[in-house]
Amino acid sequence: MIDIKPSKADAYKFFHEGVLAFNRAEEQGLRIDLEYCERVQKELSEEIKTILKGFYQTRFYKDWNRSTKGKPNINSNSQLGHYLYKVKKLEPPKTTETGQGSTDEEALESFDIPEIKDLLRVRKLKKIRDTYLKGFIKEQVDGYIHPNFNLHTVRTFRSSGNSPNFQNIPKRDKEAAEVCRKALFARPGNHLVEVDYSSIEVCISACYHKDPNMIKYIEDPESDMHGDMAEQIFFLDKLDKSIPGHKTLRSAAKNGFVFPQFYGDYYGNNAPALACGWGGLPENKRWGKGQGVEREPDLFLSDHLRKNGIRSLRSFTEHIKKIEHHFWNQRFPVYNQWKEDWWNEYQAKGYIDMYTGFRCSGIMSRNDATNYPIQGTAFHCLLWAFIKLDKVIRKMRLKTRLIGQIHDAIVLDVPPDELKKVSKILKKVMVDLLVKEHDWIIVPMAIEMDVGGPGESWNELKPYEMK
DNA sequence: GGAACTCGCCAC
DNA sequence: AAACGTGGCGAGTTCC
């Protein structure tokens, strides 16, 4: 069978159109509340000052100060590392790429030294103040920022962003997300809208490996891959879906096992991450009674695991090793075989081709070779929709503006009287047309939309019923 | 005094 | 046998 794919020329034309569409979005930009940014910067500076005032009085700081040749600097992680690991001779919980004792949040938290908690708090506040608020102010012109989107910087042919980077504004950390996103708005009276593809990398991976079990998970709305993995990992039965801890355990399975496995991680890293996810680690290599999330009233997860013969990280790791084997050999064997075949093909040819006509060459690891096509192609779905939407919106002379993009999501500025119409166009273009015009998309695609009220910030978006 | 590097941390 | 993919950016540090 002849495999018809877009050519490199098509890929070039596609990115050329993408650059133009992104450029129009950059020109639009989004509104920032400059006064808010400046006020919060000052408030953060005050809080930092107060924390440091106390910190400078501590024995911890004075010892550090004495042991450092030259000017002491509390922003210097190399000084902190020197003090903790050379002067105080603490054992580094982990090391960096270059073999130095790590001073990241996870490493520092393991010490339970109150002064270090202050330093971590300061680090977090400075991140918000200096990377985000300061970045917005720096790039602001007449109350608008114009984030840049690039198509020429990424090995996988994804996009990147800068000045400011619109693609890494805090979201998971509630405090940081609120402070940063409260600065950003649609035009006065308009809705800020964010529409994203659901699990797009999982869908696109299925288009490559065509694993029937994975396709079933995608097609059946009643099925739940992460829920199933949580059941298997934590010895839960079906009834457990109604218990309060289920949500925690499901997201532990999703973020501690399933996604890392898809990126090429292994059980040895998954087990400690999972144990953190339910609250059994890192303090205890062996867990006692009454630890972790409550599985049901008076039955904690540590007790539940003990009942199933898992009393320590060691036995939990063995358990996860078996689950990994099952995951790739029983649950998704076709995906597993595809990874093997794909890797062999790369080794034979020296490059990999995507459905979208792009070719990645150069030295790649096993994980690279299987991750790149999925990551790139997933983004190309978004880009295809972005280009199409840009055309449709202009042709229809709508006042709605495309203003940015975050790999699998599009951000728009929408007047109230266009909201309903735009939500229909989004569904039509991002789902119906995308699938119709790409014959290699063999699974259903889905989108979700969040909308802010008129005049509300990016922090206030709520789910929107698209119908 | 700037380029290049390291580290940490934000996003998907 | 080996062992998590892609970026940007601020601050500190080192090199020239």
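Letters go in sequence order (proteins before strands), and every chain restarts at 1.
In terms of phosphate contacts, A:Y372 brings a side-chain nitrogen or oxygen within less than 4.0 Å of OP1 or OP2 of C:dT6. Contact between the side-chain N/O atoms of A:R158 and the OP1/OP2 oxygens of C:dG7 is not found at any separation under 4.0 Å. Taking side-chain N and O atoms only, A:R172 has a distance below 4.0 Å to OP1 or OP2 of B:dC12. Contact check, A:K171 against B:dC12: a side-chain N or O comes under 4.0 Å of OP1 or OP2. Dashed line: the shortest gap from a side-chain N or O of A:N73 to OP1 or OP2 of C:dG12 is under 4.0 Å. At C:dG7, none of the side-chain N or O atoms of A:T153 fall inside 4.0 Å of OP1 or OP2 (strictly under the cut-off). Close to B:dG8, at under 4.0 Å from its OP1 or OP2, lies a side-chain N or O of A:S102. Remark: A:Q79 is in phosphate contact with C:dT13, judged by side-chain N or O atoms under 4.0 Å from OP1 or OP2. In this structure, A:N162 does not reach the C:dG8 phosphate: none of its side-chain N or O atoms is under 4.0 Å from OP1 or OP2. For A:T131, no side-chain nitrogen or oxygen approaches OP1 or OP2 of C:dG8 to under 4.0 Å. Applying the 4.0 Å criterion to OP1 and OP2 of B:dT6, one finds that A:S78 has every side-chain N and O outside that range. Taking 4.0 angstrom as the limit, A:S76 places a side-chain polar atom (N or O) nearer than this to OP1 or OP2 of C:dT13.
Between the P atom of C:dG7 and the CD atom of A:Q167 lies a distance of 12 Å, rounded to the nearest Å. Atom CD1 in A:I128 sits roughly 11 Å away from atom P in B:dA11 (whole-Å rounding). Remark: P of B:dA11 and CG of A:N168 are 8 Å apart, rounded to the nearest angstrom. Rounding to whole angstrom units, CG of residue A:D265 and P of C:dA1 are separated by 19 Å. If you measure from atom CZ of A:F157 to atom P of C:dG7, you get 11 Å, rounded to the nearest angstrom. For the pair A:K134 NZ and B:dC9 C1', the interatomic distance rounds to 16 Å; values are reported in whole Å. Regarding A:L184, its CG atom lies at a distance of 17 Å from the P atom of B:dC10, rounded to whole Å. Atoms CH2 (A:W342) and P (C:dG5) sit 18 Å apart, rounded to a whole Å.
Ring pair A:H438/A:W440 is perpendicular by interplanar angle, where above 60° counts as perpendicular and below 30° as parallel.
On a pure distance criterion of 3.5 Å, a polar donor-acceptor pair joins the side chain of A:K127 and the base of B:dC9. Donor-acceptor pairing under 3.5 Å, judged by distance alone, is absent between the side chain of A:R123 and the base of B:dC9. Between the base of C:dG5 and the side chain of A:Q375 there is a donor-acceptor pair shorter than 3.5 Å.
A cation-pi arrangement, defined by a distance under 6.0 Å to the six-membered ring centre and an angle within 45 degrees of its axis, is absent between A:R158 and A:F379. Both cation-pi conditions hold for A:K339 and A:W328: the charged atom is under 6.0 angstrom from the six-membered ring centre and inside a 45 degree cone around its axis.
Within 4.0 Å of A:T103, counting heavy atoms only, lie sugar-phosphate atoms of the nucleic acid but no base atom. Contact annotation for A:G268: no contact, since no heavy-atom pair falls under 4.0 Å across all strands. Among the heavy atoms of the strands lying under 4.0 Å from A:Q100 are primed sugar atoms or P, OP1, OP2 only; no base atom is included. Looking at heavy-atom distances under 4.0 Å, A:G161 makes contact with sugar-phosphate atoms alone, never a base. Counting non-hydrogen atoms under 4.0 angstrom, A:P170 reaches the backbone sugars and phosphates but no base.
The shortest non-hydrogen separation linking A:P444 to A:E219 is CD-CG, 3.7 Å.
With distances taken from any side-chain atom of A:T96 to the nucleotides B:dA11, C:dC4, B:dC7, the minimum falls on B:dC7. Across B:dC12, C:dG8, C:dG10, the shortest atom-to-atom separation from the side chain of A:N165 is found for C:dG8. The side chain of A:T98 lies closest to B:dT6, out of B:dT6, B:dC9, B:dG8.
Of the possible polar contacts, one joining the A:E324 side chain to the A:Y267 backbone as a donor-acceptor pair under 3.5 Å is found.
In this structure, A:H226 has its ring center at least 6.0 angstrom away from the ring center of A:Y217.
Side chain to side chain, A:R366 and A:Q347 fail the donor-acceptor criterion of an N or O pair below 3.5 Å.
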